[in-house]
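Scroll down for the structure; my scribbles are underneath it.
Indexing begins at 1, ligand by ligand and atom by atom, following the structure's order.
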Amino acid sequence: MISKNMEKALNEQIALEGYASFLYLSMASWCDSQGLAGCAQFMHRQSAEERQHMLRIFNYLSEVDGFALTPAIKQPPHEFKSVQAMFEMVYQHEQKVTASINELLSKCHENKDHSTHLFLQWYVQEQREEESLMRNIMDRIRLIGDGPQSLYYIDKEISAVNAAQVKAEAAEGPGEEM
Ligand code: FEO
């Protein structure tokens, strides 16, 4: 059975993952409104992924006799200065999530909760991959530059990144939380 302390911390992580899902959904809507279909697809997939991150903790809490709380999600921003600014915001949010996972791991040590520590290893790897992906995207955007056709090429590039992610996920097979 999980301690109340750890249960509370994991419920906070559920809220953070849930917010990420809504933030990326909001970004998908903005991309659509700007005619950036490739970026919109990318953000829809990221949003769905974050929902799975949330559910994975949700299910874990049930498994260890804790109580998973459905979080109240605050309204995410729905206007972005540019596609560059939007990806910068994604990267910052991912860094915040990574810091939160690291905090959770420290709490596991304090509470001698080896089970949750083991469970969270998946998130450690996931965050490393997410941060690397976002840095890669920001590098590509920088390389394309801000010439007259840049948005067209950025959208094409993000569409290709999205297709590669879909292919990689299909190769990995369904996650254990499905
Ligand atoms: Fe689940 Fe991308 O943080």
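Summary: ND1 is the N/O/S atom of H53 found nearest to atom 1 (Fe) of ligand 1. Its N, O or S atom nearest to atom 1 (Fe) of ligand 1 is what matters here, and for E17 that atom is OE1. Taking atom 2 (Fe) of ligand 1 as reference, E130 places its N/O/S atom OE1 nearest.
Annotation: the span from S159 atom OG to Q41 atom CD amounts to 5.5 Å, rounded to 0.5 Å.
Side-chain polar atoms of E129 and Q125 form a donor-acceptor pair below 3.5 angstrom.
Aromatic ring centres of F80 and F87: separated by at least 6.0 Å.
Within a 6.0 Å radius of CZ in F22, no more than 12 heavy atoms belonging to other residues, nucleotides or ligands are found.
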With side-chain hydrogen bond (donor to acceptor under 3.5 Å, both in side chains) as the test, would you mind laying out the steps for Y60 and S115 before giving the verdict? CA-CA 10 Å; Y60 174 76; S115 165; 2.8 Å; yes
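In summary, an N, O or S atom of E50 is located under 2.8 Å from atom 2 (Fe) of ligand 1. Atom 1 (Fe) of ligand 1 does not have E126 among its coordinating residues (no N/O/S atom, backbone or side chain, under 2.8 Å).
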